[in-house]
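As structure tokens, the structure follows; a few thoughts come after it.
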Amino acid sequence: MAKIIRRAPETAFVPQPDDDLIICRCEEVTKGDIRRVVHAGLSTTNEVKRWLRCGMGLCQGQTCQRNFQGIIARELGVSPADIGRITGRSPVRPATITTFAHEVTEQKEA
Amino acid sequence: MMRHDLIVIGAGPAGLSAAIEAARLGMDVAVFDENARPGGQLFKQIHKFFGSKEHHAKERGFRIGEDLLADAEKLGVAVHLNATVMGIYEGREVLVKHEDETVHAKADAIIIATGAAENMIPFTGWDKPGVIGAGAAQALMNLQGVMPGKRILMVGSGNVGLVVSFQLLQAGCEVAAVIDAAPRIGGYGVHAAKVARTGVPFYTRHTVVEALGKDRVEGAVIAEVDDHFQPIPGTEKTLDVDTICIAVGLSPMSQLADTAGCDLVLDRKRGGTVPVIDEYGETSVPNVYCAGDAAGIEEASTAMILGRISAIRAAEKAGFLGAAEFTARADEYAASLSKLRRGMFAPQNKGRTDMTETDEGYPLSKSLLAHGFLEPNEVSAFPCATVHEVGVHPVIECTQNIPCNPCQDACRFGCITVGDDIVKLPVIDETKRCTGCGMCVASCSGQAIFLVDEAYEPGYASVGIPYEFVPVPKAGARGHALNRAGAPICDAEVVSVKYTKAMDKTVLLTMKVPAEFASEARFYRD
Ligand SMILES: Cc1cc2nc3c(=O)[nH]c(=O)nc-3n(C[C@H](O)[C@H](O)[C@H](O)COP(=O)(O)OP(=O)(O)OC[C@H]3O[C@@H](n4cnc5c(N)ncnc54)[C@H](O)[C@@H]3O)c2cc1C
Ligand code: SF4
Ligand code: SF4
């Protein structure tokens, strides 16, 4: 993975008219939420995800990651490639605990 | 723990092709797909595909899927459905969620063929019901038989946006407009032209700024954008629509490669974050491969070949294929692939705006790129579109270099030639007699071939068009002929409706129009 470049925004937080635009639908995180935490010091996709939960809902970032990554990068004046992405971890899809409890350990098929 | 020679994740064109190839070489293969039905994207594709015969051209996507599945079944490939791979662990072990159980499986090699997910763009009101992805629209129409809405705004003019717009029209929806923020239409001209001639307007350099409505979409506001893709205040237009369909590209699904520990890279030309791979699709983790859209957004036709290439590599490494045979096959597949990766829409030409001529040196239509249709003066630059033989003859309005040649195979009489380089424009041999059989019209994946007889009756010409809407007008019906821009230009009478099974659901509808409209009338409406 490309190296993450740590940066801070060069200007103070200035409200924008579309700050209440929802970016992550699953967790209802807005553009303003994301911009504000970047100004509070967060500078990677993973950090913003952990703080705000964007990308942690049903879609697991499939829909929103590209967009909120873009917002962080723009705020910092860097390329999206420089701020990393959500680490792909098992389970890559949401699953209930019941499913994990029903673990098949014996070989069913011949 | 289930053990196999090869595990394939994803039963789309890439995964199924990989599984078939590996099974033919004697490998024990298991395929897992999270969907309830196999085929990946193919099962939603009801249109005829491009390419040449070896790439299943002119077959409809879902048929290609059915064929692949039949082959896989014949070879005894185990295709597990409703089986989501949740992660790939060390030693090529996968964790699979099947119904409400988790199962472990292990193999000597893994091919990740998980495809891609649709991109979304946020705008005011985008989270309202009625804003949907193009993929969802397709699934509703073509799998569930449900109309996604009555009046639709299509956002995005790549092939997906164009194909889905046409399918929406076929399903009986109105398409209010197709818009794109880029200055030119992103998909094939022939796909755009078949939408434009039904009267759908295209707005390039436009974006959607707001979805209107209280609890669901009741309208859309679009606006022109500047060179930085920012809406220009004062250029807003309100469209009366109940559905906004988003087709702004796809992102490869690379999470599983990430769980396997593969090196990933953000590569815009491949559509997003993708594993670093070699020429056989092998990732930085030995014996873990990635093929198809998951490795870079392309086409089903290329995905099928990429799947096979990864499969033969895995087979060779595991001793199921000798080195010489492997090299021979790898070369053959590479050649097949390079036939497809040519022309103005090839991956290496993505985003290029400096092309002004075809390979043959004909000026590219600017109107086709901006509005989706050729202007009459632009048509005249193309010999295949301006044939004036005596009697009925084909007129081919295929004016961009795309990898495609079914028109050539369709004509038993040798009227049409594309040649070995399948991105070349078709050439009509005027010395060969056209019988008017209509096979070229029905076989053309771009619906770009018309049969014209300028002297059908004194003062009248006949124009045969590909027709894929229901109900099909009956011979004797009277209505209007529309021009390439979809504007009614004259009265028209349907004089014949021809259909045979070999035409595979594309009807040849022939209409009689005043002779002066022979080279303008391109669609019929009651
Ligand atoms: C509207 C539209 C029109 C198109 N028209 C054409 C055309 O005319 N010609 C052409 O060549 N191509 C066309 N394409 C492109 C083509 O459909 C894709 O390029 C092709 O399907 C990619 O194949 P794939 O096997 O890589 O992925 P997919 O077809 O997307 O298949 C991936 C499969 O993986 C499964 N999967 C994903 N994650 C997991 C997981 N974790 N566990 C288990 N299974 C998983 C999915 O369920 C899916 O079935 C079109 C696409 C669209 C959307
Ligand atoms: S109508 Fe038939 S004979 Fe005429 S060009 Fe087409 S395929 Fe050939
Ligand atoms: S005219 Fe031939 S090359 Fe062009 S889209 Fe039709 S079938 Fe393909």
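Because the structure is predicted, anything quoted here is derived from the model rather than measured. Naming: A, B, ... by sequence-line order, numbering from 1 per chain.
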Is the shortest side-chain heavy-atom distance between A:Pro80 and B:Arg268 below 4.5 Å? yes

Kindly indicate whether the side chain of B:Thr102, heavy atoms from C-beta on, has any atom under 4.5 Å from the side chain of A:Val104. no

Any idea which of A:Pro91, A:Ala101, A:Ala95, A:Gly61 has the most non-hydrogen atom pairs under 4.5 angstrom with chain B? A:Pro91

For chain B, which candidate among A:Asp20, A:Ile23, A:Thr63, A:Ile86 shows the most heavy-atom pairs at distances under 4.5 Å? A:Ile23

State, without any angle test, whether A:Glu103 and B:His104 hold a side-chain donor-acceptor pair at a distance under 3.5 Å. yes

Given heavy-atom pairs under 4.5 angstrom as the criterion, report whether the side chain, backbone, both or neither of B:Tyr89 touches chain A. side chain

Indicate yes or no: does A:Arg85 engage B:Asp258 in a salt bridge with an N to O separation below 4.0 Å. yes

CA sep, side-chain torsions, deciding dist, call: A:Phe100, B:Leu95, side-chain contact (heavy atoms from CB on, under 4.5 Å): CA-CA 10 Å; A:Phe100 285 100; B:Leu95 176 69; 3.9 Å; yes

Region of B:Val276 in contact with chain A, defined by heavy-atom distances below 4.5 Å: neither

Calculate, to the nearest 0.5 Å, the distance between atoms CG and OG1 belonging to B:Asp100 and A:Thr96 respectively. 7.0 Å

Treating B:Trp126 as the side-chain partner and A:Leu21 as the backbone partner, does any N or O pair qualify as donor plus acceptor under 3.5 Å? no

Can you confirm whether the side chains of B:Glu118 and A:Gln62 place a donor and an acceptor under 3.5 Å from each other? no

For B:Asn119, which atoms come within 4.5 Å of any heavy atom of chain A: side chain, backbone, both, or neither? side chain

When every non-hydrogen atom of B:Glu99 is compared with those of A:Thr99, the smallest separation belongs to O-CG2, 4.5 Å

Measure A:Ser79 against the heavy atoms of chain B and call it side chain, backbone, both or neither at under 4.5 Å. neither

Steps toward side-chain contact (heavy atoms from CB on, under 4.5 Å) verdict (B:Thr259, A:Val92): CA-CA 8 Å; B:Thr259 66; A:Val92 298; 3.9 Å; yes

Quick check against the 3.5 Å criterion: does A:Ser90 have a side-chain atom that pairs as donor or acceptor with the backbone of B:Met86? yes

State, yes or no, whether a side-chain contact exists between A:Arg66 and B:Ser251 at a heavy-atom distance under 4.5 Å. yes

Is a side-chain N or O of A:Asp18 found less than 3.5 angstrom from the main chain of B:Thr124, in a donor-acceptor match? no

